[in-house]
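Everything on this sheet refers to the single structure shown next.
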Amino acid sequence: MPQDAFTLRLNALELNAALSGGRINRINQPAREEISIVIYTGKGTVKLLLSANASDCGVYFSQEEQENPAVAPNFCMLLRKHLQGAQIEDVSTVGFERILAFRLHCVSDFSECERILYAEVMGKYSNLLLVENGIILGALKTTSADENCRRLILPGAKYVLPAPQEKVDPSDRAALTALCAHAEGDLAHFLFTRVAGLAPCTAEEIARAFAGGDLAQFVYDYIFSDEISPCVAEKNGNVTDFFARSHAGALPFESLSAAQAYYYKKKRARAALEGARRRLTGAVTQAKKKQEKRLAQIAEKQRLAADAETVRLKGELLTANLYALSRGMTECELINYYDEKGGTVKIALDARLTPAQNAQAYFKRYQKLKRTLEALAPQEREVRAELDYLDSVLPFLASAETEEDLRAAEEELQAAGLIRAPQERPKKKHPEVPFRTWEREGFTICAGRSNVQNDALVRRSAPDDIWLHARNLHSAHVVIRAQGKKVPEGVLAFAAGVCAKYSAGRGDKIPVDCCPVKNVRKPKGSRAGFVTYTGFETVLGDPALAER
């Protein structure tokens with residue numbers, strides 16, 4: 001994102017035109033590194049968001065509703081004390097730095113003065129500072145007063161600008177002319193490394209637009225021109241950058257604030273989506289590890305109990321040969337009459353026991369091993385069913401595209417006891433998450449967002465609706481609302497593509513089974529999403545059809 005001095009200068013012009021003469025009505029701090037200020041401009045109220053977050057730094061108007069903490073943080077209280085009711089005289093940049101200065105006329109019952117709110121938009125060094133007569137009244141981020149501190153930011157300290165970079169200020173015409181006279185190599189790289197206040201993408205745009213002539217004049221005119229055509233670049237549905245000047249293939253906006261608000265809202269939503277996806281996937285993965293560990297323990301017990309029949313055989317051979325054995329023997333070798341070849345079996349004996357007691361000891365051991373195997377069999381089936389269920393959840397998490405998709409999966413995991421539900425009841429009760437829905441050739445196609453929704457989709461479908469599911473793979477259940485009509489091949493192919501897209505097939509073409517809903521059965525007591533079906537036919541599901 002080009003939050004450079006070039007973009008901030010245009011942003012300051014836009015903010016000054018909108019806010020000059022406005023009065024501050026309300027100040028909040030919705031997040032640790034964000035301040036929102038409600039301003040009455042004479043034409044109405046606007047909300048200005050000032051963010052000092054390393055990844056989302058910026059100053060722009062926002063209409064997004066944000067929840068404020070019950071107790072305002074210290075910096076927010078400081079701003080309320082000194083700026084409540086203040087009039088904004090102007091908004092400007094400080095030289096050609098990445099700093100916006102809000103000059104404010106503050107009047108109280110006992111004093112009248114001018115204060116400046118500085119918004120330093122500098123990536124991880126971003127900050128908000130309130131200054132009066134050159135002295136810092138408070139800052140969102142403060143520094144310690146140790147000897148290694150390059151720039152002291154504390155209440156009572158003198159406000160000084162960040163240390164300048166070893167680059168040419170483009171507002172210095174003579175220095176810029178001298179610099180451009182020796183331009184060499186890649187022009188974009190040259191401008192970015194030698195001219196202050198330019199982001200790499202801005203330097204690239206200048207280099208791309210330059211067609212020869214006086215380079216210094218062209219760079220100056222480009223940087224200090226008031227031309228503006230804000231836009232946001234997107235790729236595969238995700239925002240990648242915003243620009244103050246038009247960009248090929250980018251989405252245009254009426255103002256730079258609108259472009260920033262759209263960009264940061266989409267970026268935060270994507271970050272929240274990915275964060276929730278990681279959290280839920282981590283919970284499922286952790287549950288899988290526990291079940292896999294349990295399965296390994298069961299397999300080890302089964303391995304140890306696997307020679308139960310051999311133990312029984314030894315007991316029977318001892319019983320058949322009691323006459324040939326005596327107390328005190330430690331082992332014997334007996335003919336195995338179960339072996340057609342007439343082989344022998346060596347049997348270890350306890351010298352303290354009689355032959356009959358040794359035989360009974362083997363039978364007791366056999367019964368114990370047999371009971372162990374019988375007890376482990378249902379446990380193994382239970383664990384394998386749980387692992388299969390957990391595997392069925394992962395495709396829903398991987399293919400989630402919206403907050404609603406993940407909310408449906410999260411509710412399922414809460415009901416399954418894999419993650420904890422919130423302790424406090426949410427203030428807003430979320431409506432039921434709807435199925436994914438498409439319209440094709442007069443037919444409605446629905447797909448579940450989770451295993452619980454898959455079950456609900458089957459329950460709420462008519463017997464003659466067409467049900468689809470990926471063969472031998474976990475996938476969303478898809479239903480075509482037939483309404484008594486024959487489903488065209490194109491609609492069936494599209495529905496199969498949807499099924500392939502939201503499956504564990506990872507975007508490949510896969511076989512998809514389809515049948516009437518009346519042929520689908522849910523076994524009693526089975527986990528969410530598990531069904532059996534009969535009378536089906538198989539089609540090839542191409543996820544590319546669903547993408548289009």
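- Salt bridge annotation for R208-E205: present, with a cationic side-chain nitrogen under 4.0 angstrom from a carboxylate oxygen.
- Looking only at distances, a side-chain donor or acceptor of D542 sits under 3.5 Å from a matching main-chain atom of A544.
- The aromatic rings of W438 and Y502 sit tilted relative to each other, their planes meeting at an angle between 30° and 60°.
- Heavy-atom neighbours of K522 NZ from other residues, nucleotides or ligands within 6.0 Å: above the threshold of 12.
- For E404 (side chain) and P434 (main-chain N/O), no donor-acceptor pair under 3.5 Å exists by modelled atom type.
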(Q) Evaluate R294 against K290 for side chain to side chain contact (heavy atoms under 4.5 Å, CB included), listing each step before the verdict. (A) CA-CA 6 Å; R294 186 182 171 195; K290 289 182 180 179; over 6 Å; no

- Message: Evaluate E234 against L251 for side chain to side chain contact (heavy atoms under 4.5 Å, CB included), listing each step before the verdict.
- Response: CA-CA 8 Å; E234 293 184 302; L251 183 66; 4.3 Å; yes

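- Of the possible donor and acceptor atoms, one in the side chain of R80 sits under 3.5 Å from a partner among the backbone N and O of I27.
- Under the salt bridge (Lys or Arg N to Asp or Glu O under 4.0 Å) criterion, E34 pairs with R268, not counting sequence neighbours.
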Review point. Can you list the steps and then say if L468 with L492 is a side chain to side chain contact (heavy atoms under 4.5 Å, CB included)?
Key: CA-CA 9 Å; L468 301 95; L492 188 64; 4.0 Å; yes

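- Atoms OG1 and CG, on T285 and L390 in that order, are 9.0 Å from each other to the nearest 0.5 Å.
- Among residues at least two apart or in separate chains, there is no salt bridge (Lys or Arg N to Asp or Glu O under 4.0 Å) pair with a member in residues 529-539.
- Checked by atom type and distance alone, the side chain of S51 pairs as donor or acceptor with a backbone atom of D56 at under 3.5 Å.
- Scanning all heavy atoms of the two residues, the minimum distance from A493 to L545 falls at O-CD1, 3.6 Å.
- Within the 4.5 Å cutoff, the side chain of F536 has no heavy atoms near those of the N519 side chain.
- In the model, Q29 has no side-chain atom that pairs as donor or acceptor with a side-chain atom of S36 under 3.5 Å.
- Enclosure of atom NZ in K141 by more than 12 non-hydrogen atoms of other residues, nucleotides or ligands within 6.0 angstrom is indicated.
- The closest side-chain heavy-atom distance from K288 to D391 is below 4.5 Å.
- With contacts defined as side-chain heavy-atom distances shorter than 4.5 Å, the pair C515/T534 does not qualify.
- In summary, the side chains of Y389 and N451 do not present any donor paired with an acceptor at a separation below 3.5 Å, with no hydrogens or angles considered.
- When all heavy atoms are compared, the tightest approach of A546 to K501 is CB-CD, 4.0 Å.
- When side chains are defined from C-beta on, L129 counts as touching E120, because their heavy atoms get closer than 4.5 Å.
- When all heavy atoms of L50 and I37 are compared, the pair lying nearest together is CD1-CD1, 3.7 Å.
- A 6.0 Å sphere centred on CD of E439 holds more than 12 heavy atoms belonging to other residues, nucleotides or ligands.
- Residues F242 and V232 approach most closely at CB-CG2, 4.0 Å, considering heavy atoms.
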| Evaluation steps, salt bridge (Lys or Arg N to Asp or Glu O under 4.0 Å), between R407 and E410 | CA-CA 5 Å; R407 185 154 59 86; E410 184 171 15; over 6 Å; no

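- In this structure the side chain of I99 never reaches within 4.5 angstrom of the side chain of T93, judged on heavy atoms.
- No side-chain heavy atom of H469 sits under 4.5 Å from any side-chain heavy atom of D513.
- Heavy-atom contacts from other residues, nucleotides or ligands closer than 6.0 Å to NZ of K370 number 12 or fewer.
- The closest donor-acceptor contact from the side chain of T281 to the backbone of R278 lies at 3.5 Å or more, if one exists at all.
- Between the side chain of T143 and the main chain of R151, a donor-acceptor pair closer than 3.5 Å is present.
- A distance-only check finds a donor-acceptor pair linking the side chain of Y264 to the backbone of C57 [under 3.5 Å].
- Between L10 atom CG and L256 atom CG the span is 7.0 Å, to the nearest 0.5 Å.
- With rounding to the nearest 0.5 Å, the separation of NZ in K266 from CG in N238 is 7.5 Å.
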Check your understanding: Yes or no on salt bridge (Lys or Arg N to Asp or Glu O under 4.0 Å) for R527 and E386, after CA distance, side-chain angles and deciding distance?
Key -> CA-CA 8 Å; R527 294 301 299 259; E386 185 69 15; 2.4 Å; yes

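- Within the model, atoms CG of D4 and CZ of F192 stand 9.5 Å from one another, a figure rounded to the nearest 0.5 Å.
- For residues 479-496, the pairs satisfying salt bridge (Lys or Arg N to Asp or Glu O under 4.0 Å) are D465-R481, with sequence neighbours left out.
- Around CZ of R32, the count of heavy atoms belonging to other residues, nucleotides or ligands within 6.0 Å does not exceed 12.
- Considering CG of L397 and CZ of R279, their distance stands at 10.0 Å, rounded to 0.5 Å.
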Should L48 and F102 be marked as a side chain to side chain contact (heavy atoms under 4.5 Å, CB included) after you check the CA-CA gap, both sets of side-chain angles, and the distance that decides it? CA-CA 12 Å; L48 184 69; F102 293 80; 3.7 Å; yes

Can you list, pair by pair, the side-chain donor-acceptor contacts under 3.5 Å of residues 472-480, counting residues two or more places apart and other chains?
residue: H474; atom: NE2; partner: D388; partner atom: O; Å: 3.3
residue: H474; atom: NE2; partner: D388; partner atom: OD1; Å: 3.2
residue: S475; atom: OG; partner: A470; partner atom: N; Å: 3.1
residue: H477; atom: ND1; partner: W467; partner atom: NE1; Å: 3.3
residue: H477; atom: NE2; partner: G529; partner atom: O; Å: 3.3

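- Although no hydrogens or angles enter the test, the distance criterion places a donor-acceptor pair under 3.5 Å between the side chain of N53 and the main chain of S55.
- Residues passing the side-chain contact (heavy atoms from CB on, under 4.5 Å) test with T532, sequence neighbours excluded: R521, P523, F530.
- Closest heavy-atom contact between K167 and A196: CB-N, 3.6 Å.
- Looking at residues two or more places apart in sequence or on another chain, you find a ring pair (Phe, Tyr, Trp, His ring centres under 6.0 Å) between F253 and Y262.
- Residue R9 holds its CZ atom at 12.5 Å from CD of E14, rounded to the nearest 0.5 Å.
- Using a 4.5 Å heavy-atom threshold, the side chains of L19 and F61 count as touching.
- The environment of Q63 atom CD is sparse: at most 12 non-hydrogen atoms of other residues, nucleotides or ligands sit within 6.0 angstrom.
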Under the criterion salt bridge (Lys or Arg N to Asp or Glu O under 4.0 Å), I'd like the reasoning laid out for D464 against K518: C-alpha separation, chi angles, the key distance, then a yes or no. CA-CA 7 Å; D464 292 331; K518 61 186 177 185; 3.7 Å; yes

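- Not a single donor-acceptor pair under 3.5 Å links the side chain of K47 to the backbone N or O of E65.
- Here the closest heavy-atom approach between residue L198 and residue L191 is recorded as CD1-O, 4.2 Å.
- One finds a salt bridge joining E274 and R277 here, because a Lys/Arg side-chain nitrogen approaches an Asp/Glu carboxylate oxygen to under 4.0 Å.
- Under the 3.5 Å distance criterion, the side-chain polar atoms of T7 are left unmatched by any main-chain donor or acceptor of Q3.
- No side-chain heavy atom of I136 sits under 4.5 Å from any side-chain heavy atom of L154.
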